[in-house]
Every structure is written in structure tokens, then in C-alpha cells.
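Inspection log for the structure reproduced underneath, given as C-alpha cells.
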Amino acid sequence: MLLRHFTFLRTVMLYSVTAFGGPQAHLAMMMKYFVKERPYITEQELMEYNAFCQLLPGASSTQTVTLIGYKRGGVPLAVLTLLIWILPSCILMGGLSFFVSYLDGQAGGSKLFSFIAPMAVGFIAYASFAAFPFAIKNTITWIIMMGGAVVTYFLFGVSGVIPALILAAGIATNFSHKRIPQVEQKPRKIRWWNFWLFGIIFLFAAFMSEQARINEWSHRKPINLFENTYRMGSFVFGGGQVLLPMMYEQWGVRPTQKNVQNRNPDAIKISEDNLFAGMGMVRAMPGPVFSIAAYTGGMALKDVGRSENERVMMQLLGCLIGMVAIFLPSALLVLFFFPIWNNLKKYAVVYRSIEGINAVVVGIMIASAVYMMKDITFSEAKPISTVLSLGVMLGTFSLLSFTKLAPPFIVAGCLLLGYLV
């Protein structure tokens, strides 16, 4: 199979190391590599694959390229395509976790990343701005967006808030049948047993993580890390722009709350500076934004172990757990649901749900950007630092909105600014 599909896999590798700029840019590059240069699929097929993946939680660009592999050679080639696509960026982001750990131990080592945090907020604010006209189109979506933003801001860090908002929004837009009526022929019965493996892993991971917490298992953090990351990969609608606030809420904000400290004092915690460093640097990497999970996995387990060698091995394990746990839900969902796509797309309820989910996702991103901005600006002791941070946020947003400057150049500029100031 490798020999038969060598040219295709080589194209996937070239795509994986040159795909900068997030999902929108990824789609344009897929059009170039897989439709125009080598007609592996048609333009219509690519757009349909992308539309289908937008309906699922997870990394949409990753799911789309996985489906291209699936169309070419079934499940085995789809898995190989997925691995080739995610490995370069995950290796780079996993390596970054070691680099940041090294800088933490050096005097003034974190100076380089001084303005990466406000830059990351600028990226999230831009994502909210770009998604707004596509998601907010009528009264109910305005209400859902504003309600989602208020709830997210005031309950940021409370367990289950973001998944609950996503589920509630999907239900809310199904109360009216007028905007998106059921006009297609009656859909055939869907064999939902294909969904079971995804659900079994989800429930088993949650059970094991809770047992590890209650019984205070030694080395329980890898189990908790898998559950946390798999859960986020299962509920992320809107791509990496929503994943980043979820990670910040899960590992940066929630562990600092008193009720969590009392109930789970050994909860995984990643410092805000390290989280923001990963959020910013992932913009400079080719491949999916979801590869940040390899970085956060490494940072989560970097201090686990008694000896230096054991800590290094645990950090490597964390990178691997993060990579597998974040992409596994996306792969399971897309490969199980695609065979029934022709039936699934006949359900108007699916499109009504996505209408609400897209609206609340915009609200979540807006609230997250404001919350992170508050944490960055108010935590600065020096007024000049606050002014510079606000300037970097506004500058990042403006460059993304009104110029065609590639994100890696923005990242490089912020690193240089941190080094010089």
C-alpha cells in the first residue's frame, strides 16, 4: 500500500510542512495540492468534505485531509494520512515544551515570550471577528452569542460550562422549524452503533480519571491528562480557536479556584505564561492548531518523576498522550460518521443545531479574549508593560484583519520585541 500510494503520501507530507495560517488557509492549500496539482479528488468533493467536517467537533482541517486519504485507500490510508499530517507539527510543539522548560530555569529566560500572551489574545479576538458575520445572522443567534459570552465570562473555570453551553445552544435553535425546515425526503434509519467506540472511550476515560483522583493513585496525572485532552477534543466546535480558551480554562484558571484546590489539590496545572507561550508559538508552526496538545501534554507532566531521566521520559509521554488524545475523537467521529453522511445530511435538525453552536462559539471566544486580556493587563506591575501588551493585542488584531501578513511573521515580531524590550 505504501508503494502504491507513495506519491499521494509524499504530497501529504509536503502539505503538512507548508500549511501555515489555520483552517481557512489549510483549505486553500488542500485545493492546490489535492485538486489542482494532482486531481486526487474533485473541487466539489473537497468542499463537501469540508462542509461535513464543520458539522463535527474536532479539528476540521485534520478531518478533511483524513477523508481525502479515506477516499483514496480506505481506513488504512486514512490513518497514515492523519499521522503524516499531524506528526511534524506535534514534534515541533512537543519539542517546544522542552525548550520552554529549559528557559524557565534560566535567568530572564522567559523574556523572549513576554509579548506572546497578548499576541495570542489578538489572534483569538481576530477569530471572533472573522467568524461573526458567518455565525450571527438573526435574533436567536444574537441572543445565544450574548448569553454565551456572559455565562462564559462569569463562570470561566467552572467545570463543564463550555460543553454545557454548546449542547444548550444546539438544542435552542431546534425550537423553531421555520428558518431551516425539513424539506428533504424522510431520512433512513442511522446505525448509531458506529458511534459506540467514541462514547465508550469517553466514558471509560472519565471513569478512570475520577477513580484515580478519588483513590489518589500514584502517577495518576497521565490518566487525568488523557481524560482532559480527549474531552476537549470531543467538544471543540470551531477548531483550534476554541480549543485554546478551553485549555486555558482547564489548566490555567480552574486549578487556582479554592473549591478545586480542596477537592483535587493535585489537578493538572500549567502556568499561564507557559500556556500563552504555546498558544502564540503554535501560530508559527505548520499544520493543525490542535498540535498544541503535544506541547500542553509535555508541560503537564514535566515535573512528574523523581530523577531527571524519569522526568524527561514522563514529559515525552505527556507529549504523546496529548497528541493521541486530542486527535483521536476527530478521527473516530469523521471515519464513523462519513459512511452515513448521505443520510445524516437529510436531517434539518443537524443544521439547526450547528446554527446555535456556531453562535455560542463566537460568544465563548469573545468572552475568553476579554478574560485573558484582563488577566494579562491587570497582572502587569508596570504601566509601560500594560500599554505595550495592549498595543500588541491591537496590533496583532489589526495586522490579521487589514493586511495579508502571514502569522509566523507576527510571531517572530513579538519574539523580537520581547527580546529587545
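Reckoned from all heavy atoms, side chains included, excluding hydrogens, waters and symmetry mates.
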Take Ser101 and Met299 through the side chain to side chain contact (heavy atoms under 4.5 Å, CB included) test and state the conclusion after the steps.
CA-CA 8 Å; Ser101 299; Met299 297 304 296; 3.9 Å; yes

Please report the C-alpha distance between Leu335 and Tyr70 in whole Å, then the side-chain angles of each, then the deciding distance to 0.1 Å, and finally whether the side chain to side chain contact (heavy atoms under 4.5 Å, CB included) criterion is met.
CA-CA 8 Å; Leu335 292 178; Tyr70 179 79; 3.7 Å; yes

Please report the C-alpha distance between Arg220 and Asn224 in whole Å, then the side-chain angles of each, then the deciding distance to 0.1 Å, and finally whether the side chain to side chain donor-acceptor pair (under 3.5 Å) criterion is met.
CA-CA 6 Å; Arg220 67 185 179 89; Asn224 298 148; 2.9 Å; yes

Ring pair (Phe, Tyr, Trp, His ring centres under 6.0 Å) between Phe337 and Phe52: does it pass, once the steps are laid out?
CA-CA 9 Å; Phe337 273 111; Phe52 165 66; 7.5 Å; no

What verdict does the side chain to side chain contact (heavy atoms under 4.5 Å, CB included) test give for Met281 and Ile292, after you've listed the backbone C-alpha separation in whole Å, the side-chain angles of each residue and the deciding distance to 0.1 Å?
CA-CA 9 Å; Met281 292 303 295; Ile292 192 178; over 6 Å; no

Side chain to side chain contact (heavy atoms under 4.5 Å, CB included), that's the test. Do Met93 and Val282 meet it? Break it down for me.
CA-CA 7 Å; Met93 289 304 297; Val282 75; 3.9 Å; yes

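In this structure, Leu332 and Phe198 approach most closely via the heavy-atom pair CD1-CA, 4.1 Å. The two residues Val236 and Phe290 come nearest to each other via the heavy atoms CG1-CZ, 3.7 Å. Across every non-hydrogen atom of Lys221 and Ile268, the tightest pair is O-CD1, 3.7 Å. Summarising the geometry of Thr66 relative to Val334, their closest heavy-atom pair is CG2-CG1, 4.5 Å, with the distance given to 0.1 Å. Val392 and Leu417 make their closest contact through CG2-CD2, 3.8 Å (heavy atoms, listed as atom of the first residue, atom of the second, distance). The minimum heavy-atom distance linking Leu46 with Met30 is given by the pair CD2-C, 4.1 Å.
The aromatic rings of Phe338 and Tyr49 lie perpendicular to each other, with more than 60° between the two planes, well past the 30° mark. Using bins of under 30°, 30° to 60° and over 60° for the plane-to-plane angle, the ring pair Trp142/Phe132 lands in the perpendicular bin. Using a 30° and 60° split on the angle between ring planes, Phe34 and Phe8 fall in the tilted class, from 30° to 60°. Ring orientation note: the planes of Phe235 and Phe202 are nearly perpendicular, at an angle over 60° on the 30°/60° scale.
A salt bridge does not link Arg352 with Glu355: none of the charged nitrogens is closer than 4.0 Å to a carboxylate oxygen.
With hydrogens and angles ignored, the 3.5 Å screen pairs no side-chain donor or acceptor of Thr152 with any backbone N or O of Ala149.
Side-chain contact of Thr18 with Tyr33: a donor-acceptor pair under 3.5 Å is present, judged by distance alone. Counted by atom type alone, Trp85 and Thr62 present one or more donor-acceptor pairs between their side chains at under 3.5 Å.
Arg231 places a side-chain heavy atom less than 4.5 Å from the side chain of Gln250.
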Atom pairs and distances, donor-acceptor, side-chain atoms in residues 401-408, under 3.5 Å, two or more places apart:
| residue | atom | partner | partner atom | Å |
| --- | --- | --- | --- | --- |
| Ser401 | OG | Phe397 | O | 2.8 |
| Thr403 | OG1 | Leu399 | O | 2.4 |
| Thr403 | OG1 | Leu405 | N | 3.3 |

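Counting non-hydrogen atoms of other residues, nucleotides and ligands closer than 6.0 Å to CD of Gln261 gives a total above 12.
In this view, Arg72 satisfies the salt bridge (Lys or Arg N to Asp or Glu O under 4.0 Å) rule with no residue, not counting sequence neighbours.
How far OG1 of Thr256 is from CH2 of Trp251: 15.5 Å, rounded to the nearest 0.5 Å.
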